[in-house]
Amino acid sequence: MAFAVAACIGLTWYNNVAGSWGWHRRWYPVVNGCAALGVLGAGLASGLSAGDLGLGRDRLGAGVRLGLAVGVPVVAAYGVAVVTPAARPLLDDQRVAGLGGRQLAYQVLVRIPVGTVAWEEVAFRGVLQASLRRVLSEPWATAVGASVFGLWHIRPTAGALSANQLAAGRRARVLAVAGVVAGMAGAGVVLSGLRERSGSLAAPVLLHLATNCTGPLASAVAGALAVAGARGEAGARAGA
């Protein structure tokens, strides 16, 4: 019980406090990659096995199959949104708009896979979920883990709202953050369900990658298409 409680408190503190420090943002993939290894080591030292953590080789195939089954439709949905002009504004993200090609590649190939997806899945669907399952039934373990996952996103959500100039006013920001936290808790339930159903971290990892990596790519492509379309319209008016 003590290990599970410490994991809940430590994870909530980590992203909302340590995540705001400048050195953490600068070395995000390295720091979070090391954190993932540290949490994994702590879980193993507490008596959890590789199978408990979703890292058993015997369940890898099942995890990959389930992850692809739920991840591919997500990628396809982003693709449809990109080629649908009316849907492109929904993909707008000012954190992506100013990135060059190399910076975008770094985001989707290094920063997000290592610093976000691998770290969060090892920490939440691996160590935290396994430690909670030792002291709680599956529904309660999922509920507690998902709640912590929602709280984990308080600071990043506030930052995203600020970057995109959304939810003006304190009350609006509080409501928006609360809504996103609730939504992320729901996402945590889904990811935990994939982990339980497949017995492998591969399933939630693949869905998480599909969501977090395809989003910035779709935003960048949609932005480029919107700019090209505006230039084309301007050229047509000039030539008329």
Side-chain angles (χ1 to χ4, degrees), residues 1-55 111-162 170 173-196 201 203-205 207-208 211-212:
M1 174 65 80
F3 182 81
V5 171
C8 290
I9 295 173
L11 289 173
T12 302
W13 173 87
Y14 183 90
N15 210 40
N16 289 300
V17 180
S20 66
W21 298 339
W23 62 266
H24 182 276
R25 294 193 298 270
R26 188 161 50 251
W27 298 100
Y28 184 84
V30 175
V31 174
N32 284 355
C34 290
L37 292 176
V39 168
L40 188 59
L44 292 170
S46 76
L48 296 171
S49 67
D52 295 331
L53 297 167
L55 299 174
R111 192 178 193 276
I112 293 173
V114 177
T116 299
V117 175
W119 164 221
E120 291 184 359
E121 293 309 318
V122 166
F124 285 95
R125 264 61 66 179
V127 176
L128 182 60
Q129 187 162 334
S131 66
L132 289 171
R133 283 296 306 277
R134 290 194 295 194
V135 295
L136 297 172
S137 63
E138 181 183 332
W140 279 107
T142 296
V144 172
S147 297
V148 176
F149 188 62
L151 294 174
W152 166 274
H153 287 86
I154 292 175
R155 183 196 56 78
T157 299
L161 291 173
S162 177
R170 182 176 180 180
R173 286 195 299 271
V174 170
L175 291 175
V177 169
V180 172
V181 166
M184 295 312 301
V189 171
V190 172
L191 292 168
S192 293
L194 294 175
R195 159 72 179 86
E196 290 290 343
L201 277 186
V205 163
L207 177 57
H208 207 156
T211 302
N212 285 38

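Atoms considered below: every heavy atom in the structure, side chains included; atoms not considered: hydrogens, waters and symmetry mates.
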pair Leu53-Leu201: side-chain heavy atoms closer than 4.5 Å: no
Under 3.5 Å: donor-acceptor pair, side chain of Ser131, backbone of Leu128: yes
Any side-chain heavy-atom pair of Val31 and Arg26 under 4.5 Å: no
Distance in Å, Arg155 CZ paired with Thr157 OG1, rounded so as to fall on 0.5 Å steps: 9.5 Å
Cys8 versus Val144, closest heavy-atom pair with distance: SG-CG1, 4.0 Å
Closest contact, heavy atoms only, Asn15 versus Pro156: ND2-CG, 3.4 Å
Short side-chain to backbone donor-acceptor contact, Thr116 and Pro113, under 3.5 Å: no
Parallel, tilted or perpendicular, as decided by the 30° and 60° cut-offs, for the rings of Trp23 and Trp21: tilted
Taking every non-hydrogen atom, the tightest pair across Ser192 and Arg125: OG-CD, 3.6 Å
Residue pair Trp119 / Val39, side-chain heavy-atom distance below 4.5 Å: yes
NZ or CZ of Arg195 within 45° of Phe124 ring axis and under 6.0 Å: no
Distance-minimising heavy-atom pair for Arg134 and Ser46: NH1-O, 3.0 Å
Minimum heavy-atom distance Val135-Ala4, with the two atoms named: CG2-CB, 4.4 Å
Heavy atoms from other residues, nucleotides or ligands near CH2 of Trp13 exceed 12 (cutoff 6.0 Å): yes
Beyond-backbone contact of Asn32 with Val114, side-chain heavy atoms, under 4.5 angstrom: no
Sub-4.5 Å side-chain heavy-atom contact between Gln129 and Phe149: no
Pairwise side-chain contact, Leu191 with Glu121, heavy-atom cut-off 4.5 Å (strictly under): yes
Trace of the side-chain contact (heavy atoms from CB on, under 4.5 Å) decision for Trp140 with Leu132: CA-CA 8 Å; Trp140 279 107; Leu132 289 171; over 6 Å; no
Tyr14 and Trp152 aromatic ring geometry - parallel, tilted or perpendicular at 30°/60° bounds: parallel
Heavy-atom pair of closest approach, residues Leu11 and Ala123: CD2-CB, 3.8 Å
